[in-house]
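First the structure, in the form of structure tokens, and then the observations on it.
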Amino acid sequence: MSSLAQAATIDLNRTERIKKSNSVAWQKRVLNVANVLFILIWAASLLPSRYAVEMRNGLKDFKAFGVALIIIEAVFIISNGSEKRNRAQRDIVGFVYAFLLIWEVGVSRLNLLPFAFVPAPENVFYVFFDDYINILEGFRSSMILIILGVFLALFFAVILGTLVGWVPRLTNAIFPVVKAISTVPPLIYTSYIVLIMPTFFLASLTVVFLSVFWGSFMGSINNTAFVEKKVINSAKVLNMKTLPMLFKIIIPFNLPRIINNLPINLATALMTLTAAEMIGASSGMGYYVRVALTYANYTKAIAGIIFIGLVVSLLNIIIEIIKKKFVTWEY
Amino acid sequence: MALIEIKNLSLTYETEKETFEALSDINLEIDKGEFVCLIGPSGCGKSTLLGTLEGLLEPTKGKILINNDEIHGPGSDRAVVFQNYSLFPWMSARKNVAFAVIESKRGYKKIKKSEAYKIADEFLEKVGLSEYKNKQPGELSGGMQQRVAIARALACDPEILLMDEPFGAIDAKTRDVLQQLLLKLWAEDKEKKTIVFVTHDLEEAIFLADKIVFMEPKGIKKIIDVNIKRPRLKENMLGNDRYRTLRSQLVKMFGNDDEEIILTGGAGI
């Protein structure tokens, strides 16, 4: 009897505690620095603008900037993880808002910086409304090149690297050479490749391919040469031939490392591609920024840069998801 | 006639700087269905000797005959249990076993996937891991991983089971359980497998083996018949006179200087 009552009280206490911790969590999620900054940005937008008064082409409507803010806030509120992750998220969003607030107040409202070079956030975000066709076209053509280039580079790098790493004589002969080549930044020969290739598509593909290939090739040789000996021995005692050994044992074993390196590879590819696009291209995200810079349209240039940043972040998030799903072990 | 015949076997490691003779002129015969333990101080070449039986190491001189055929490289007549981390980490326990069943018979016999998985399930049940069959090695404890490794080796249905310090990295209590399990699985087979088991643990050797091959650097010092009745139970061992005599005899053979090595062990090469 008494134990039952006790159990009931404990249960009650527990639900109360959960309720309490829930309400605390809710308070933290609503009342935090990030959200205060969020409101401050909106409040600032109501102040009179010196930028609009002093600049010829004036201040664009707040709506694009507002939509961007609402999207950030929505993602921020919807995503909910562990307490540690939430805190990190609050900090990140807080920083972003702080930056946007300074930008909004310093440029749009007080016009403290030379307006010809530092456009207002309203105008920058308005570009996404105004010019989204060109931006998306650039996105499409850059993405095709990056995904195709990275895929081809990894495909050949992993297969060739595994073969070379498996045969000690090949490793000894090729590894030093590859090591030397892979230290040369692809940016250096980018303009040369753009020059010698018949089309810009092929040139960019080659540039992206080379920017990822050498490093991954070297990594693959290295990975293969140093696969855990016991795993190899257990495969060897199953009397596996060389090719099944490479494709069923070595490559699966190295797969997590390959996926772990993907963000670096994508970043390198994007960097090289945008650089290549700035030398000679007719579309692409880098091209978009270059054209904007050429015409001294810094509003568009900054919008393009922000867009590239967003794309890279998005790619990294996708890779994280792939990693969680497919890499369930770590050696 | 013996199942395994090791004849005048020598093995020399060659590095750039020096050559090192690990085994010198070894002769040993192992009968069918026999449980043999190789024991000796670290660096005596017991793991090297097992490596030549596995087919992973090529002898410099001499040869090994199994069923009167000289061996070159690994074969489906042998399966190996290594010390640890030998499972394929990206495969579930079940897949690990099934994969080994299919691969080890490749070229001799075509085994369907469904059949291999059935065999895998059967052997994982034998080692008591049915519940964990879909877990990956990283999610299993060291002892469980070794159970999977044993299941994997037995599922390939080899004539000879080679075990290279399989319980060396496992805590004492789990080791006792696994030793009992191994003996049980070995005894319940219709046609008993021949087991060659490398260990640095004297008590493990006496408990498991029919015959103990005591090695000294490069060669065999002595071959000792254990002569303890089966089935053996771990808890009865200390009360067994033969066990105690053997134990003190073996400790003496290791020599007092080496006692530390016996107790702490060493993985050897």
Side-chain angles (χ1 to χ4, degrees), chain A residues 154 158-159 161-162 165-169 171-173 175-176 219-220 222-262 319 321-331, chain B residues 47 50-51 53-57 71-93 95-108 134-140 145 148-149 152-153 155-156 158 160-166 169 267 269:
Chain A
L154 285 182
V158 167
I159 289 183
T162 309
W166 185 245
V167 184
R169 219 174 131 187
T171 313
N172 292 336
F175 192 72
S220 236
N222 227 350
N223 284 346
T224 306
F226 298 105
V227 166
E228 171 67 48
K229 195 105 184 125
K230 282 172 181 158
V231 169
I232 294 199
N233 279 345
S234 341
K236 271 190 181 164
V237 298
L238 295 174
N239 220 355
M240 291 180 78
K241 302 274 179 297
T242 306
L243 280 185
M245 181 74 130
L246 297 185
F247 286 99
K248 290 181 182 172
I249 305 293
I250 310 282
I251 292 179
F253 186 86
N254 287 331
L255 206 57
R257 297 187 221 187
I258 296 167
I259 295 180
N260 278 336
N261 275 332
L262 215 48
I319 292 167
I321 293 170
I322 293 175
K323 220 169 29 180
K324 273 206 187 115
K325 200 150 176 114
F326 292 102
V327 183
T328 49
W329 59 279
E330 203 88 42
Y331 212 77
Chain B
S47 286
L50 198 76
L53 282 168
E54 288 158 0
L56 292 177
L57 296 173
I71 61 162
H72 296 285
S76 71
D77 51 354
R78 284 153 285 153
V80 187
V81 180
F82 294 97
Q83 187 171 17
N84 49 13
Y85 303 125
S86 66
L87 298 171
F88 302 127
W90 62 95
M91 297 181 189
S92 66
K95 181 104 200 278
N96 255 295
V97 180
F99 181 82
V101 170
I102 293 171
E103 288 299 328
S104 67
K105 294 284 180 286
R106 194 177 287 281
Y108 306 87
N134 289 320
K135 294 255 189 268
Q136 287 183 332
E139 301 171 279
L140 300 173
Q145 289 183 24
V148 179
R152 176 168 80 171
C156 297
I160 300 163
L161 193 59
L162 304 171
M163 307 185 87
D164 193 357
E165 301 195 27
I269 311 167

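Chain A is the first sequence line, chain B the second, and so forth, proteins listed ahead of strands; every chain is numbered from 1. Everything numeric in this text was worked out from a predicted model, so none of it was measured.
Rounded to the nearest 0.5 angstrom, A:K230 NZ and B:Y85 OH are separated by 8.0 Å. Here the straight-line distance linking atom CG of A:L238 with atom OG of B:S76 works out to 10.5 Å at 0.5 Å rounding. Remark: B:E54 CD to A:N233 CG distance equals 7.0 Å, nearest 0.5 Å.
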Do any side-chain atoms of residues 245-256 of chain A form donor-acceptor pairs under 3.5 angstrom with protein atoms, and if so which ones, sequence neighbours left out?
{"unit_1": "A:K248", "atom_1": "NZ", "unit_2": "B:E103", "atom_2": "OE2", "d": "2.8"}
{"unit_1": "A:N254", "atom_1": "ND2", "unit_2": "A:I250", "atom_2": "O", "d": "3.4"}

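Every residue was checked against the ring pair (Phe, Tyr, Trp, His ring centres under 6.0 Å) condition with A:F175, not counting sequence neighbours, and none meets it.
No more than 12 heavy atoms of other residues, nucleotides or ligands shown are found within 6.0 angstrom of NZ on B:K135.
Contact between A:N239 and B:P74 at its shortest, heavy atoms only, is ND2-O, 3.2 Å. Here the shortest heavy-atom pairing between A:S234 and B:S86 reads OG-O, 2.8 Å.
Here the side chains of A:V231 and B:F88 are in contact, with some heavy-atom distance below 4.5 Å. The shortest side-chain heavy-atom distance between B:F82 and A:V237 falls under the 4.5 Å cut-off.
With chain A as partner, the option from B:A100, B:A149, B:G138, B:G51 having the largest number of non-hydrogen pairs under 4.5 angstrom is B:A100.
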